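Each remark here refers to the structure printed beneath this line.
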Amino acid sequence: MKELPKTYDPKQVEKKIYDMWMKGGYFHAERDPEKKPFTIVIPPPNVTGQLHLGHAFDETLQDVLIRYKRMQGYSALWVPGVDHAGIATQIKVEEKLRGEGLTRFDLGREKFLDEVWDWKNKFGDRIVEQLKTLGCSCDWDRERFTMDEVCAKAVREVFVNLYEKGLIYKGKRIINWCPHCTTALSDAEVEYTEKPGHFWHIRYPLSDGSGEVIVATTRPETMLGDTGVAVNPNDERYTHLVGKTCILPLVNREIPIVADEYVDMEFGTGCVKMTPCHDPNDFEVGLRHDLEQVLVLDGEAKIINGGKYNGLDRYEARKAIVKDLEDGGYLVKVEEHAHNVGTCYRCHSDVEPIASDQWFVKMQPLAKEAIRVVEDGEVKFVPDRFSKIYLNWMYNVRDWCISRQLWWGHQIPAWYCADCGHTTVSREDAAVCEKCGSSNIERDPDVLDTWFSSALWPFSTLGWPEKTPDLEYFYPTDVLVTGYDIIFFWVARMIFSAMEQMKVPPFHTVFIHGLIRDPQGKKMSKSAGNGVDPIEMIDRFGADALRFNIITGNSPGNDMRFYVERCEAMRNFANKIWNATRFVMMNLTIDKNELPEKLELEDKWILSKLNTLIKEVTENLDKYELGIAAEKIYSFIWDSYCDWYIELTKPRLNGDDQDAKLGAQKVLLYVLTETLTLLHPFMPFITEEIWQALPHEGEVLMIQKYPEYSEKLAYPAEEENFETVMAAIRAVRARRAEMNVPPSKKAKLIIETDKTDIFESGRAYLSKLAYASDVEVTKETPENLDGLVTVVTDEAKMYMPLAELVDIAKEIERIEKELKKANDELARVQNKLANENFVSRAPEAVVAAERDKADKANALIENLEETLKALK
RNA sequence: GGAGGCUUAGCUCAGCUGGUCAGAGCGCAUGCUUCACACGCAUGAGGUCGGCGGUUCGAGCCCGCCAGUCUCCACCA
């Protein structure tokens with residue numbers, strides 16, 4: 001027999017086991033017509049990213065689900081892959097270039113893209129390798145990249161398809177512009193944070209010299225782009241001014257005063273400066289009143305078209321302009337004013353609203369189906385509350401700006417004709433204008449939003465638009481697992497994209513989880529330096545421990561704090577399993593896993609508990625209650641199997657009765673194997689390692705059948721009977737602990753009970769677990785209780801001769817106390833049972849349970865009273 | 001402005017459709033060189049489940065109000 005070390009060392013195991021799985025091809029999902037498919041696509045992490053705890057959480061949940069389904073006999077496919085992550089990746093490469101004193105423009109598009117591909121090839125495998133250390137059972141044969149050929153084809157198809165349907169258009173709108181990333185962003189990519197600011201009141205003199213209007217603004221520098229002043233048409237203070245013009249200070253431009261409902265009379269001065277090119281509302285007002293559009297900020301947010309201010313950064317310009325206004329007597333007053341500023345979700349620079357020509361996806365028609373499938377329950381969110389968040393967003397969704405002024409990404413398949421001005425949008429790269437045939441065409445330099453390609457992920461990864469066998473078999477996918485923070489970015493867009501292209505929802509369930517935070521509840525981030533590296537955790541405690549830590553102690557959709565100590569606790573759990581196995585193996589003389597014909601009471605107890613566990617765990621997993629399932633297995637292994645059952649088998653294993661010995665071994669092995677199988681999706685490495693060492697049939701645990709509830713192994717009566725023995729043992733231990741009797745001090749144990757057979761059969765382990773030198777089971781009360789310590793339960797009265805420790809007076813006092821407690825309990829229960837309403841309206845089982853409680857309390861009281869009488 | 005979450009033992013959190021639901025881990029106390037494990041074993045202390053009302057035979061669990069806290073959406077210049 002193999003000698004196992006005393007402590008489990010994941011490092012010796014995990015890599016070896018993973019390699020074995022890989023070699024065996026167990027991650028690969030076959031299109032098996034005999035099986036039902038179960039598919040998950042991974043939320044593709046950034047190709048050059050590193051695994052953080054958020055990933056670890058996400059991937060662990062998916063791995064548990066996929067392993068569970070695989071073991072249940074599904075053809076379980078987990079499609080892995082990575083995302084090209086347009087902005088994020090481009091920024092990283094540009095930073096690297098900056099270190100060399102270069103910009104992307106120095107290289108030019110082609111060379112720059114070569115650089116990015118190099119970067120991708122250099123770091124692209126890192127996160128994949130990290131996923132493997134976590135134990136992810138992805139089908140690596142099907143790994144995809146959002147920029148590979150298959151995905152590119154899907155992107156091209158969808159773009160052209162939507163364009164042809166009029167659902168993609170190009171237009172001049174106010175978009176969110178990041179001056180640092182120098183690209184447009186979608187609404188979803190802007191994060192708002194409240195920042196302190198000022199509210200400047202500025203005097204705009206009327207052109208006719210008859211007075212002035214005072215406007216209030218938080219962005220004085222944008223006045224360079226002002227082409228009007230708006231007031232509310234119902235604002236009597238200003239009606240006489242509508243139609244007049246005023247002079248824009250510093251610029252000396254004559255601009256009209258217009259009336260528009262948009263203006264809030266209550267706010268500020270009621271006069272609003274209109275900057276159509278740099279404010280979304282002003283843009284709309286400008287269109288309605290035909291105001292001129294003057295762009296005063298360039299892509300880096302430096303002033304243009306602003307005379308002497310040209311070239312100034314927006315913040316410098318603000319200072320200069322405020323000073324000049326003040327010097328010129330135009331500044332009326334300045335107020336403190338906190339307001340929300342949009343920032344780039346990637347670089348956190350202030351986002352600039354700028355009028356710009358961009359490509360958009362028209363959302364209203366697409367949102368319709370995306371709303372319907374969730375409202376109709378074709379796509380369910382777990383927990384359900386996230387469907388409200390999703391729907392609310394979808395109801396109010398605005399057109400999606402999809403063009404990005406980047407180089408890294410899917411370049412937009414649009415060619416502009418220099419001759420006729422026509423735009424050719426095409427699945428194949430265009431050589432000539434489709435309208436006039438001119439070859440004088442130029443491709444749009446912009447690329448698509450990264451999320452445009454991830455939106456197609458559930459079907460592009462399976463080969464769409466080709467009708468591949470994979471697509472046929474594995475689509476639609478089943479569950480999408482992700483954090484609530486990317487519902488809008490990704491989940492929503494996958495749903496409407498799939499509905500438009502596939503006419504079928506991409507998945508039936510969206511399983512949402514929360515964020516992992518630091519012990520203070522703060523978001524983990526690189527800049528705050530409070531991030532915990534999952535790889536380090538795996539290194540220190542093992543992947544299984546990390547996984548178990550992440551799975552337990554939280555509930556679906558809620559954030560959780562990460563405690564290293566919890567990893568330690570889970571490492572201890574792994575060690576516990578390891579040692580339980582050591583125990584079983586060092587007593588093992590059989591090489592086949594089968595139950596014995598004769599089962600002892602304690603065997604039936606543990607088998608029945610196991611059976612219940614199987615039922616509950618399966619139910620919990622089916623309801624996505626992974627944490628609850630995991631905790632139940634934990635407590636079964638630790639509390640039931642290790643703390644009780646193993647101890648119970650020791651007398652048999654160490655005894656001379658060969659049949660009993662074998663019986664105990666068999667049950668030990670059976671229960672251990674079943675439990676390992678149950679636990680495998682959560683702790684794949686240690687369970688596989690142990691399973692391999694135990695007698696088994698089949699190649700690997702990871703494809704064994706998941707345990708199923710069996711009517712044959714339900715022993716409710718025996719379970720209950722054994723619990724009464726346990727209660728007796730606990731009572732004795734508690735009594736001894738109370739009196740500070742060390743385990744080494746044994747005492748005879750006399751058990752007076754009506755259920756002699758139950759206690760009789762447990763004689764051996766009773767003596768062990770209750771530290772008895774000898775056990776006597778009887779129906780008779782001992783004649784003389786002098787010098788006996790008494791322990792009373794509802795099923796037994798027990799006596800231990802520990803004369804030197806016994807103080808009769810104290811004994812009596814204690815029993816009277818217990819008696820009072822029992823009486824209180826009885827009164828409570830009887831009171832309940834006396835309630836007509838309760839008895840008639842509560843479910844039968846509940847009433848029966850109460851009656852049972854009453855019976856037990858009665859029995860206990862009776863026992864206590866008898867003992868008390870005897871003592872006196 | 002709108003929506004939602006959270007408030008349960010010293011700490012961090014579980015508690016599924018209202019009836020063993022008052023729990024877990026860590027921490028704490030006491031005692032254990034018990035032949036798998038001190039990354040352990042046994043025993044124990046500790047909570048009027050944020051507050052106030054209501055529904056119900058029965059409420060951490062449902063409803064309303066209040067307080068604290070966090071988040072998301074919208075974004076009045």
Side-chain angles (χ1 to χ4, degrees), chain A residues 4 6-8 187 192 199 215-219 222 230 262-264 266-275 279-282 285 337 339-342 383 385-386 388-389 392-393 396 484-485 487-488 514-515 517 519 521 523 541 545 549 552-555 557-563 565-566 568-587 616 619-620 623 625 627-628 631 634-635 642-643 646-647 650 653-654 730 733-738 740-744 768-769 771 832 835-843 845-847 849-850 852-853:
Chain A
L4 296 175
K6 261 176 107 167
T7 49
Y8 170 64
D187 295 338
Y192 289 90
F199 210 25
V215 299
T217 180
T218 55
R219 303 277 324 262
T222 62
Y262 155 70
V263 179
D264 180 354
E266 311 295 319
F267 190 75
T269 62
C271 298
V272 190
K273 61 192 268 310
M274 288 292 115
T275 322
D279 182 282
N281 293 308
D282 296 4
V285 174
H337 183 73
H339 61 141
N340 280 334
V341 178
R385 67 184 138 94
F386 290 103
K388 268 180 255 162
I389 294 177
N392 182 51
W393 188 81
N396 301 302
Y484 60 72
D485 52 331
I487 291 176
F488 307 139
L515 270 36
R517 299 173 175 277
K523 229 169 164 170
F541 305 108
N549 178 10
T552 55
N554 69 88
S555 47
N558 290 333
D559 293 351
M560 70 181 296
R561 300 185 194 202
F562 188 86
Y563 287 89
E565 304 87 83
R566 269 180 57 85
E568 212 174 304
M570 297 314 158
R571 186 265 326 256
N572 294 352
F573 176 52
N575 196 238
K576 188 75 182 172
I577 300 168
W578 184 254
N579 276 291
T581 307
R582 282 181 64 220
F583 174 80
V584 172
M585 286 180 67
M586 63 179 42
N587 285 290
E616 292 185 359
E619 284 170 1
N620 287 135
K623 288 192 283 186
E625 295 164 353
I628 296 175
E631 272 167 22
Y634 177 102
S635 116
C642 292
D643 286 351
I646 283 184
E647 296 305 323
K650 282 178 181 174
L653 293 170
N654 297 331
R730 284 207 185 93
R733 282 173 176 171
R735 195 72 192 90
R736 289 176 60 109
E738 204 180 309
N740 278 325
V741 188
S744 53
K768 179 171 166 42
L769 300 180
Y771 317 107
K832 212 169 181 181
N835 184 334
E836 269 297 318
N837 280 320
F838 173 72
V839 178
S840 60
R841 301 169 83 152
V846 174
V847 178
E850 289 299 316
D852 191 46
K853 265 192 220 167

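Convention: sequence-line order gives letters A, B, ...; per-chain numbering from 1. Only a predicted model underlies this, so the values are computations on that prediction, with no experimental measurement involved.
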Q | Nearest-neighbour nucleotide for the R582(A) side chain, U43(B), C39(B), A36(B) considered | A | A36(B)
Q. So does S555(A) get a side-chain nitrogen or oxygen closer than 4.0 Å to the phosphate oxygens (OP1/OP2) of A14(B)?
A. yes
**Q.** Nearest-Å distance for atom pair CZ/C1', residues F541(A) and C39(B)
**A.** 10 Å
Q: Under the side chain to side chain contact (heavy atoms under 4.5 Å, CB included) rule, collect the residues that match up with R385(A), sequence neighbours excluded.
A: P383(A), N558(A)
**Q.** Same-atom distance (C1') from A22(B) to C49(B), integer angstrom
**A.** 8 Å
**Q.** Pairwise side-chain contact, W578(A) with T7(A), heavy-atom cut-off 4.5 Å (strictly under)
**A.** no
Q: Report the distance from atom CD of E738(A) to atom P of A42(B), rounded to the nearest whole Å.
A: 18 Å
Q) If you check the K623(A) side chain, which of C16(B), A77(B), A36(B) turns out closest? A) C16(B)
Q) Taking the P atom of each, how far is A42(B) from A36(B), in whole Å? A) 14 Å
Q.
Should the side chain of E625(A) and the base of A14(B) be counted as holding a donor-acceptor pair, with the cut-off at 3.5 Å?
A. no
(Q) Starting the side chain at C-beta, find the nucleotide from G5(B), C39(B), A77(B) nearest to R385(A). (A) G5(B)
Q. Can you name the residues that form a ring pair (Phe, Tyr, Trp, His ring centres under 6.0 Å) with F267(A), not counting sequence neighbours?
A. F199(A)
Q. With a 4.0 Å cut-off on heavy atoms, is G514(A) in touch with a base, just the backbone sugar-phosphate, or nothing at all?
A. nothing
**Q.** For E647(A), all residues meeting side chain to side chain contact (heavy atoms under 4.5 Å, CB included), sequence neighbours excluded
**A.** K650(A), K768(A), L769(A)
Q. Does R841(A) make a side-chain N or O approach to OP1 or OP2 of C57(B) shorter than 4.0 Å?
A. yes
Q) P atom, C62(B) versus G4(B): distance in rounded Å? A) 14 Å
Q.
Just so I know, are the side chains of L515(A) and D485(A) near enough to count as touching, which here means a heavy-atom distance under 4.5 Å?
A. yes
(Q) Need one value for I646(A): base, sugar-phosphate or nothing, where a base atom within 4.0 Å counts as base even if backbone is also close, heavy atoms only. (A) base
Q) Reckon K832(A) touches a base, only the sugar-phosphate, or nothing at all at heavy-atom distances under 4.0 Å? A) nothing
Q. For C271(A), which contact category applies under a 4.0 Å heavy-atom criterion: base, sugar-phosphate, or nothing?
A. nothing
Q: Kindly label the base of G53(B) as syn or anti, based on whether its glycosidic torsion lies within 90° of 0.
A: anti
**Q.** Nearest listed nucleotide, side chain of F838(A), among C57(B), C16(B), C11(B)
**A.** C57(B)
Without placing hydrogens or testing angles, list every side-chain donor-acceptor pair under 3.5 Å for residues 569-576 of chain A, not counting sequence neighbours.
| unit_1 | atom_1 | unit_2 | atom_2 | d |
| --- | --- | --- | --- | --- |
| N575(A) | OD1 | N579(A) | ND2 | 3.3 |

(Q) So for K576(A) and C37(B), does any side-chain atom that can act as donor or acceptor lie under 3.5 Å from a complementary atom in the base? (A) yes
Q: Looking at every strand, decide which applies to D643(A) at a 4.0 Å heavy-atom threshold: base, sugar-phosphate, or nothing.
A: sugar-phosphate
Q.
I'd like to check the salt bridge (charged side-chain N to carboxylate O under 4.0 Å, His left out) partners of R730(A); sequence neighbours left out, ordered by chain and number.
A. none
Q) Looking across every strand, which nucleic acid part, if any, lies under 4.0 Å from F488(A) by heavy atom: base, sugar-phosphate, or nothing? A) sugar-phosphate
**Q.** Spacing of the C1' atoms in G68(B) and C16(B) (rounded, Å)
**A.** 28 Å
Q. Mind checking the P distance from A14(B) to G53(B)? Whole angstroms is fine.
A. 28 Å
Q) Rounded to whole angstrom units, what separation is found between the CG atom of N558(A) and the C1' atom of G4(B)? A) 11 Å
Q) Which stems, defined as runs of 3 or more consecutive Watson-Crick or G-U wobble pairs with both pairing distances under 3.5 Å, involve RNA chain B? A) B:1-7 with B:67-73, B:10-13 with B:23-26, B:28-32 with B:40-44, B:50-54 with B:62-66
Q: Using the C1' atoms only, state how far C37(B) lies from G23(B), rounded to an integer number of Å.
A: 25 Å
What's touching nucleotides 22-31 of chain B from the protein side, N or O pairs under 3.5 Å?
none

Q: Just jot down the side chain to side chain contact (heavy atoms under 4.5 Å, CB included) partners of V272(A), sequence neighbours excluded, or say none.
A: V263(A), M274(A)
(Q) Any heavy-atom pair between the side chains of E616(A) and I628(A) that's under 4.5 Å? (A) no
Q | Contacts of type side chain to side chain contact (heavy atoms under 4.5 Å, CB included), residue F488(A), not counting sequence neighbours | A | I389(A), W393(A)
Q: Test for a donor-acceptor pair under 3.5 Å between the base of C75(B) and the side chain of N340(A), counting only N and O atoms.
A: yes
Q | Rounded distance in Å between the P positions of A9(B) and A24(B) | A | 14 Å
Q. Roughly how many Å is it from NZ in K523(A) to P in U71(B), rounded to a whole number?
A. 9 Å
Q) Which is true for P843(A) with a 4.0 Å heavy-atom rule: it touches a base, it touches only sugar-phosphate, or it touches nothing? A) base
